[in-house]
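A short write-up of the structure that comes next.
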Number of protein chains: 2
Amino acid sequence: MRPEDIPEIRALDLFRDMSEENFGDLVRGGYVQTFPPQVQLTTEGDHSDFLHIVLTGSVEMFATWNGRETSMATVRPISTFILAATIKDAPYLMSARTSEKSRIILLPSMDVRAVFENDNGFARAVVSELAQCYRAVVKTSKDLKLRSSIERLANYLLRSRRRAGDAPEFELLLEKRRLASFLGMTPENLSRAFKALRPYGVEVEGATVRITDLDSLERLAKPSPLIDDFST
Amino acid sequence: MRPEDIPEIRALDLFRDMSEENFGDLVRGGYVQTFPPQVQLTTEGDHSDFLHIVLTGSVEMFATWNGRETSMATVRPISTFILAATIKDAPYLMSARTSEKSRIILLPSMDVRAVFENDNGFARAVVSELAQCYRAVVKTSKDLKLRSSIERLANYLLRSRRRAGDAPEFELLLEKRRLASFLGMTPENLSRAFKALRPYGVEVEGATVRITDLDSLERLAKPSPLIDDFST
DNA sequence: CGCTATGTTGATCCATATCAATAAGTGTGG
DNA sequence: CCACACTTATTGATATGGATCAACATAGCG
């Protein structure tokens, strides 16, 4: 692992409260690797060997069943994935692939579990991280069950806008077909949903989205902090 | 709290590893209450005042948006709910109501957080519980996104059968309209889905289900441990 | 450049929702 | 214990959101 990576990792919520010694143990066994796009990092059902941390780039979490595939989430820097599987020493429930060129830290699961047993600060940080993940999935589930596809897209755009610092114009960070899968629809249907949002002030050109009538879009989307807020 | 309740709580995974003293603190401030059916215990958006533990009966977790409502999960004895909100001191993402007459333990959230800070055994148990909850929601999400409504019902029946000790005949533990909502469909559609499963050896009479051709149903349902297993 | 993957658009189909009517439970009070 | 009211479940008819199929356009990329 490059020495310049270490402070960045140390600054993560997950590792901030652990002892210097335990952090050293954890990092010593780990390594950083750069992957090209479209590399599959984990396969659902496999046993958890490493805790992954995305340093740069982005990673798509997806799941399959009976020949079908669906996009479950996108992991962006700097955060971990498959923490739950690592801690429980259980098989992955999701697969992961790089969406773009990405630098990823790999920490051996055994080491993570060992430090988890010894370091109370780390154990508490894991709780916080897992609670966050849990709440994120619950929100996604509510989004899926309570909203139509157009409402989901409208709220997704409002969230994207917020993530871009409330800019009226921003880039979609996902390929449209992945976005469609994430929102639980087909690419064709997403295309039509974008068109259906035009009367509400949504202009799309390639990956660029401009929201010209925020009020109108919000009246349609009815965003809720209990579904659409990032942190709470 | 009745003295005879205490050992039962102490035996829960969540409380087994904590110090006697901290357990005492936690239990002292809590109390047990019996609620009639259809009592709403928490409301989404409210602040977390108590960690709830279901001793008997059952509790439905549900969520609402824009006048719509959906059933998210059913909590059965003996387990906790809204642990994530309690630990994070965040608003509830789901509401809870008793489905039947239920005995519930209420532990003040403040006490739970205080003990969480002090007791390392408890902190680790919370991790394990949260990881479990997280993985359960991920499975439910996969079920929803990757399967049609008939496939979801078929797999739900196979899980119910398993929970009933692989009995060929068992009772639905949910009202059909709640089951429909949990599976993400309308009651009418659930009715039709049951009829559609008749050729696969599913006989329904009231709340009683008999599975007469397991192989056939499994060929249709294609259950997967990564979606349908309870614990892993 | 030209190939291949992605995105769009149109036509059609299908799963599921909605609406409406009836039946069957379930609980309540007389 | 029965009659009534009310909720839940079923069934049929119809509507519709979203999927699928097909053709074409477009944009990355080697």
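Letters A, B, ... mirror the listed sequences (proteins, then strands); counts begin at 1.
Closest-nucleotide positions on DNA chain D for B:E175 and B:N189 were compared, and the one nearer the 5' end corresponds to B:E175.
Between A:K195 and A:R198 the shortest side-chain heavy-atom distance falls below 4.5 Å. Side-chain contact between A:D5 and A:V27 is absent, with no heavy-atom pair separated by less than 4.5 Å.
Checked by atom type, the side-chain pair A:E60/A:S99 shows no donor-acceptor distance below 3.5 Å. Side-chain contact annotation: B:E69 with B:S181, donor-acceptor N/O pair under 3.5 Å absent.
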Going through the checks in order, is the side chain to side chain contact (heavy atoms under 4.5 Å, CB included) test met by B:K142 and A:T70?
CA-CA 8 Å; B:K142 289 170 66 174; A:T70 191; 5.7 Å; no

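Residue contacts shown for B:T186 include a base, since a base heavy atom lies under 4.0 Å away.
The pair A:E218-A:R161 does not count as a salt bridge, with every side-chain nitrogen at least 4.0 angstrom from each carboxylate oxygen. Taking the charged nitrogens against the carboxylate oxygens, A:R162 and A:D228 have no contact shorter than 4.0 Å, which rules out a salt bridge.
Read 5' to 3', the first and last nucleotides of DNA chain C with an atom closer than 4.0 Å to a heavy atom of chain A are C:dT6 to C:dA11. First and last contacts of DNA chain D with chain A, using any nucleotide atom under 4.0 Å from a protein heavy atom and ordered 5' to 3', fall at D:dG18 to D:dC21.
Note that the two end axes of the helix from C:dC1-D:dG30 to C:dG30-D:dC1 enclose an angle of 50°, each drawn from 5 base pairs, rounded to 10 degrees.
Expressed to the nearest 0.5 Å, how far CD1 of B:I104 lies from OG1 of B:T56 amounts to 7.5 Å.
Across all non-hydrogen atoms, the minimal contact from B:S109 to B:F50 is OG-N, 3.0 Å.
No side-chain donor-acceptor contact under 3.5 Å links B:S48 to the backbone of B:A90.
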